[in-house]
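These notes are about the structure you will find just below.
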Amino acid sequence: MGPAGAVGAADAPVVGPPRDAPPVARRRGRGGRGGEELRVPEAEFSSYYGRPILKAPVWRWDIAAYLFTGGLAAGSSLLAAGGQLTGRPALRRAGRVTALGAVTASAYFLIHDLGRPARFHHMLRVAKPTSPMSVGTWILTAYGPAAGLAAVAEGAPLLPARGVFSPVRRLLPPAGQVAGLAAAVVAPALATYTGVLLAGTAVPSWHEAYPELPTIFAGSALASGAGVGLLAAPCAQAGPARRMAVAGAALELWGAHSVETRLGLLSEPYRIGTAGRLLRAGRLLTAAGVVGALAGRRSRVLSVLSGTALLAASVATRFGIFHGGVASARDPKYTVLPQRERIRRREAGQV
């Protein structure tokens with residue numbers, strides 16, 4: 001599923017200089033020697049005949065929050081499955097309860113952006129494998145009930161052992177085990193499909209980062225799930241959370257570094273302004289969280305601090321990616337200059 005609002009075409013027209021731009025001297029002649037002097041305006045990248053080149057996303061902070069909570073839900077389900085399979089009840093319980101809370105928040109943010117809950121329902125009328133929004137709708141539909149049943153199963157011990165609720169008390173734990181593993185199977189798709197969704201838009205710095213965004217979001221999901229485990233589980237049960245923290249940090253840091261260096265001009269929105277500050281904070285918090293997780297194997301205080309740092313890092317990374325893409329759509333140079341470079345390469349026979 002994806003947020004509401006349309007984004008402009010991927011290849012917008014090449015922008016020419018405005019009519020009132022100040023002229024620049026040029027000379028015409030063989031080899032650039034002598035000849036008639038021409039007055040050519042300097043190129044400016046502001047609009048296309050008074051209109052924006054791309055329609056910048058109208059999404060607000062709730063969509064960035066939606067990106068975070070979806071990843072948190074996925075990471076928490078993987079954490080819960082690790083706790084379930086290794087006999088760590090505190091880890092399992094924390095992951096299941098957090099997954100339910102996160103996916104509920106994610107659904108709220110998404111429906112709030114859509115404006116009407118019926119729009120989510122309408123997306124279920126068709127299944128379109130080529131549409132990340134359609135695929136995302138079905139991922140959420142499959143994941144939500146499984147995560148919900150797994151979390152509800154944690155309340156089975158609170159039910160009376162005798163009477164009308166006794167069969168429910170007996171059946172919930174095994175049903176929760178199956179549901180918890182089912183949620184964990186769907187979790188990787190939940191963690192990464194939003195990266196595919198963003199990369200499928202015409203927003204320049206999202207579109208060009210199509211190899212990195214799913215990787216960043218997968219790493220962020222693992223790191224946030226690890227943060228939940230470090231916060232909620234005693235040190236003796238937090239081993240899977242520490243391993244998740246290392247794996248998530250490796251993916252997230254590699255992906256964030258790549259989008260800031262590999263994309264040429266389109267890396268710039270990720271290095272400057274709000275996006276740059278958020279992504280730098282995310283890297284520092286991720287590194288601090290991993291170091292604390294590894295060093296705090298016997299320290300409850302250090303584990304809690306590390307878990308908090310990893311969760312904060314995931315928030316900063318998701319919001320940083322969000323702001324970087326929006327900034328690239330608002331400045332026409334990130335559309336015009338890469339397009340001109342593609343044209344130049346085609347004309348030179350390099351593509």
Side-chain angles (χ1 to χ4, degrees), residues 1 66 68-111 120 124 136-193 218 220-245 247-248 303 307 310-311 314:
M1 186 59 206
Y66 161 74
F68 165 70
T69 52
L72 176 61
S76 297
S77 286
L78 292 172
L79 176 80
Q84 175 182 326
L85 295 174
T86 59
R88 292 173 166 86
L91 211 60
R92 182 201 68 219
R93 188 179 307 113
R96 288 181 177 181
V97 173
T98 302
L100 177 59
V103 76
T104 302
S106 186
Y108 167 78
F109 289 132
L110 179 59
I111 292 173
F120 182 88
L124 297 174
T137 303
W138 288 99
I139 289 172
L140 283 174
T141 302
Y143 174 84
L149 179 57
V152 169
E154 293 297 326
L158 302 177
L159 297 175
R162 297 180 180 179
V164 67
F165 289 105
S166 59
V168 179
R169 179 188 172 111
R170 291 193 304 271
L171 292 175
L172 268 181
Q177 291 187 6
V178 174
L181 294 178
V185 169
V186 181
L190 178 65
T192 56
Y193 93 89
S220 177
L222 288 174
S224 60
V228 170
L230 293 170
L231 279 170
C235 294
Q237 295 190 30
R242 296 190 189 96
R243 290 188 283 274
M244 279 182 62
S303 292
L310 289 171
L311 285 170
S314 183

Between Leu78 and Ala184, what is the shortest heavy-atom contact and its length?
CD2-O, 3.6 Å
Residues forming a side chain to side chain contact (heavy atoms under 4.5 Å, CB included) with Ala182, sequence neighbours excluded
Ala146
In chain order, what residues pass the side chain to side chain contact (heavy atoms under 4.5 Å, CB included) check against Ala179, with sequence neighbours excluded?
Leu149, Ala150
Compare all side-chain heavy atoms of Arg242 with those of Cys235 and state whether any distance is below 4.5 angstrom.
yes
Can you measure from CG (Leu85) to CG (Leu91) and round to the nearest 0.5 angstrom?
11.0 Å
Does anything in residues 157-169 form a salt bridge (Lys or Arg N to Asp or Glu O under 4.0 Å)? List the pairs, not counting sequence neighbours.
none
Return each pair, listed once, that meets side chain to side chain donor-acceptor pair (under 3.5 Å) where at least one residue sits in residues 73-91; pairs must be two or more places apart or across chains.
Ser77-Tyr143, Gln84-Arg96, Thr86-Arg88
Hey, does the side chain of Ser314 reach the backbone of Leu311 with a donor-acceptor pair shorter than 3.5 angstrom?
no
The criterion is salt bridge (charged side-chain N to carboxylate O under 4.0 Å, His left out); which residues satisfy it with Arg93, sequence neighbours excluded?
Glu154
Compare every heavy atom of Ala153 with every heavy atom of Pro157, then report the nearest pair and how far apart it is.
CD-O, 4.4 Å
Which atom of Ala147 lies closest to which atom of Leu100, heavy atoms considered
O-CB, 4.4 Å
Under the side chain to side chain donor-acceptor pair (under 3.5 Å) rule, what pairs show up with a residue in residues 180-189, not counting sequence neighbours?
none
Minimal non-hydrogen separation, Thr69 against Tyr66, with atom names:
OG1-O, 3.3 Å
Would a 4.5 Å heavy-atom cut-off, applied to side chains only, mark Gln177 and Pro174 as touching?
no
Checking Val178 now: which residues fulfil side chain to side chain contact (heavy atoms under 4.5 Å, CB included) with it, not counting sequence neighbours?
none
Between Leu172 and Val152, what is the shortest heavy-atom contact and its length?
CD1-O, 4.1 Å
Which heavy atom of Pro145 sits nearest to which heavy atom of Leu140, and what is that distance?
CD-O, 4.3 Å
Pair up each side-chain donor or acceptor in residues 222-231 with any protein partner under 3.5 Å, not counting sequence neighbours, and list the distances.
unit_1: Ser224; atom_1: OG; unit_2: Ser220; atom_2: O; d: 3.2
unit_1: Ser224; atom_1: OG; unit_2: Ala221; atom_2: O; d: 2.9

Once side chain to side chain contact (heavy atoms under 4.5 Å, CB included) is applied, do any residues pair with Pro234, and if so which ones, sequence neighbours excluded?
Ala90, Gln237
Rounded to the nearest 0.5 Å, what separates atom OH in Tyr193 from atom CH2 in Trp138?
14.0 Å
